[in-house]
Chemist: 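Sharing a structure, written as structure tokens. Questions coming.
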Amino acid sequence: MSRSGYPPWVVLHIPHDSTFIPDQVRPQFLLSEQDLALELQRMTDHFTHALFAEPSGEATVIRAPVSRLVVDVERFADDAMEPMAARGMGAVYQVTSQLAPLRRLLQPEEREALMREWYRPHHERLEWSVASAVDRHGRCLVIDCHSFPGTALPYEDADPFGARPDICIGTDPFHTSDALGQAFIAAFGCDSWRVTVNEPFAGALVPASRYRKDPRVAAVMVEVKRDLYLDRSNFCPDRHFDLIATEVKRRCVEAISAWQG
Ligand SMILES: [Zn+2]
């Protein structure tokens with residue numbers, strides 16, 4: 001079997017690269033067109049699909065169909081379980097990255113409609129693809145694929161002048177074995193990239209039905225600093241994009257291969 005790409009039991013979870021806001025959701029937002037465009041620029045994990053996914057590979061790609069401003073599929077559905085909900089950024093954001101009001105107050109049924117339309121179908125696809133990998137291959141690795149801005153946004157509650165790594169690897173105490181975590185740290189840390197673990201972003205997403213229950217489901221998060229590939233002036237891919245996209249995929253595949261021995 002070829003080792004040049006992802007194995008077929010890999011699921012690439014891409015929660016934040018969409019900028020799509022459905023027409024029926026737009027009136028909820030309190031921002032002007034210009035401010036909404038700016039917020040999308042700040043909050044979108046631009047081009048993470050192109051960074052992580054092979055054009056025709058064996059991994060399953062589960063990509064959120066709407067912007068995280070519509071619903072954030074990376075957050076727990078239940079605000080009581082979601083730490084960011086206290087900051088107004090649970091699955092349905094109330095505030096912007098600047099901690100300013102983002103949307104009008106929703107009725108419970110309006111929040112439920114967003115969850116029904118966009119959140120739950122995404123998680124059903126994720127659950128199904130993980131179940132399918134476990135059924136067919138006895139295992140699954142979910143790679144949670146993100147990027148982050150070179151300067152911390154106010155909502156992060158981080159030091160805005162703090163140095164940011166090039167790559168942040170997120171781990172889960174149950175789903176990320178030491179060997180898996182180390183393989184990703186080593187693959188991304190060689191050459192000149194600076195890698196941190198669970199800082200500034202922590203954890204790795206696993207479908208709810210397997211969370212801290214099923215050891216056949218492994219998970220790791222990879223966060224790429226946007227300054228490596230994105231032009232800060234227009235949020236378009238810069239001249240390094242193709243090289244970085246090739247490297248991100250290559251290093252993920254190399255990490256998986258090293259983890260497997
Ligand atoms: Zn993200």
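The basis for the numbers below is simple: all heavy atoms, side chains too, and nothing from hydrogens, waters or symmetry mates. Only a predicted model underlies this, so the values are computations on that prediction, with no experimental measurement involved.
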Chemist: Using the side-chain contact (heavy atoms from CB on, under 4.5 Å) rule, take S147 and Y229 through it: C-alpha gap first, then chi angles, then the decisive distance, then the call.
Modeler: CA-CA 10 Å; S147 70; Y229 68 89; 2.9 Å; yes
Chemist: Going by the side-chain hydrogen bond (donor to acceptor under 3.5 Å, both in side chains) test, name the single residue among H122, R63, H146 that passes it with H13.
Modeler: H122
Chemist: Treating E117 as the side-chain partner and L114 as the backbone partner, does any N or O pair qualify as donor plus acceptor under 3.5 Å?
Modeler: no
Chemist: Is a side-chain N or O of Q28 found less than 3.5 angstrom from the main chain of L106, in a donor-acceptor match?
Modeler: no
Chemist: Are V71 and V95 connected in a single hydrophobic cluster, I mean Ile/Leu/Val/Met/Phe/Trp/Tyr linked by side-chain heavy atoms less than 4.5 Å apart?
Modeler: yes
Chemist: So E156 and P149, do their side chains get closer than 4.5 Å, heavy atoms only?
Modeler: yes
Chemist: So does H46 get a backbone contact from the side chain of T44, meaning a donor-acceptor N/O pair under 3.5 Å?
Modeler: no
Chemist: Roughly how far apart are L12 CG and E54 CD, rounded to 0.5 Å?
Modeler: 7.5 Å
Chemist: If we only count heavy atoms from C-beta on, is the L69 to R103 side-chain gap below 4.5 Å?
Modeler: no
Chemist: Given the rule in the side-chain contact (heavy atoms from CB on, under 4.5 Å) test, do R26 and E33 qualify, once you have shown the distances and angles that lead to the verdict?
Modeler: CA-CA 10 Å; R26 174 66 182 92; E33 285 302 312; 2.9 Å; yes
Chemist: Given side chains that start at C-beta, do those of I14 and S18 come closer than 4.5 Å, heavy atoms only?
Modeler: no
Chemist: Give the other cluster members for V217, using side-chain heavy-atom distances under 4.5 Å between Ile, Leu, Val, Met, Phe, Trp and Tyr residues; answer none if it is isolated.
Modeler: V11, I62, F76, M81, L126, V130, V134, V142, L205, V206, Y211
Chemist: Any link between L40 and L38 through a network of hydrophobic side chains (Ile, Leu, Val, Met, Phe, Trp, Tyr) touching at under 4.5 Å?
Modeler: no
Chemist: Any side-chain heavy atom of C145 within less than 4.5 Å of one from C252?
Modeler: no
Chemist: Determine whether the side chains of Y93 and D72 contain a donor N or O and an acceptor N or O closer than 3.5 Å.
Modeler: yes
Chemist: Run the side-chain contact (heavy atoms from CB on, under 4.5 Å) check on I21 and F29 step by step: do they pass?
Modeler: CA-CA 10 Å; I21 294 188; F29 296 115; 3.8 Å; yes
Chemist: More than 12 heavy atoms of other residues, nucleotides or ligands under 6.0 Å from CD of Q24: yes or no?
Modeler: yes
Chemist: What residues form a salt bridge (Lys or Arg N to Asp or Glu O under 4.0 Å) with R232, not counting sequence neighbours?
Modeler: D227
Chemist: Evaluate the side-chain proximity of L228 to H240: yes if any heavy-atom separation is below 4.5 Å, no if none is.
Modeler: no
Chemist: With a 3.5 Å cut-off and no angle check, do the side chains of S97 and R42 form a donor-acceptor pair?
Modeler: no
Chemist: Are M221 and V253 co-members of a hydrophobic cluster defined by side-chain heavy atoms under 4.5 Å apart?
Modeler: no
Chemist: Measure from the side-chain N and O atoms of S132 to the backbone N and O of W128, and report whether any donor-acceptor pair falls under 3.5 Å.
Modeler: no
Chemist: So does L105 get a backbone contact from the side chain of Q94, meaning a donor-acceptor N/O pair under 3.5 Å?
Modeler: no
Chemist: Show your reasoning for whether side-chain contact (heavy atoms from CB on, under 4.5 Å) applies to I256 and W9.
Modeler: CA-CA 11 Å; I256 294 165; W9 37 267; 3.8 Å; yes
Chemist: State, yes or no, whether a side-chain contact exists between L102 and L30 at a heavy-atom distance under 4.5 Å.
Modeler: no
Chemist: D79 vs R111, test: salt bridge (charged side-chain N to carboxylate O under 4.0 Å, His left out). Steps then yes/no.
Modeler: CA-CA 12 Å; D79 276 350; R111 182 185 193 275; 3.3 Å; yes
Chemist: Would W259 and V10 show up in the same hydrophobic cluster when neighbours are defined by side-chain heavy atoms closer than 4.5 Å?
Modeler: yes
Chemist: Quick check: does any side chain N or O of K249 sit under 3.5 Å from a backbone N or O of L51, one acting as donor and the other as acceptor?
Modeler: yes
Chemist: Inspect the contact between R239 and D231 and indicate whether a charged nitrogen and a carboxylate oxygen are less than 4.0 angstrom apart.
Modeler: no
Chemist: With sequence neighbours left out, what residues match Y155 under ring pair (Phe, Tyr, Trp, His ring centres under 6.0 Å)?
Modeler: none
Chemist: Please say whether the positively charged group of R68, taken as NZ for Lys or CZ for Arg, lies over the ring of W118, i.e. under 6.0 angstrom from the six-membered ring centre and within 45 degrees of the axis.
Modeler: no
Chemist: If hydrophobic clusters are built from ILVMFWY residues whose side chains come within less than 4.5 Å, do L230 and L243 share one?
Modeler: no
Chemist: Under the side chain to side chain donor-acceptor pair (under 3.5 Å) rule, what pairs show up with a residue in residues 167-185, not counting sequence neighbours?
Modeler: T171-N198, D172-R212
Chemist: Closest heavy-atom contact between A208 and E127?
Modeler: N-OE2, 3.3 Å
Chemist: Please collect all salt bridge (charged side-chain N to carboxylate O under 4.0 Å, His left out) contacts where either partner lies in residues 186-202, sequence neighbours excluded, each pair once.
Modeler: D191-R251
Chemist: For R104, I'd like to know if atom CZ has over 12 heavy atoms of other residues, nucleotides or ligands within 6.0 Å.
Modeler: yes
Chemist: Under the 3.5 angstrom rule, does the side chain of R75 hit a backbone N or O of E82 as a donor-acceptor pair?
Modeler: no
Chemist: H123 versus V73: any side-chain heavy-atom pair under 4.5 Å?
Modeler: yes
Chemist: Return the set of residues passing salt bridge (Lys or Arg N to Asp or Glu O under 4.0 Å) with E112 (not counting sequence neighbours), or none when no residue passes.
Modeler: R120
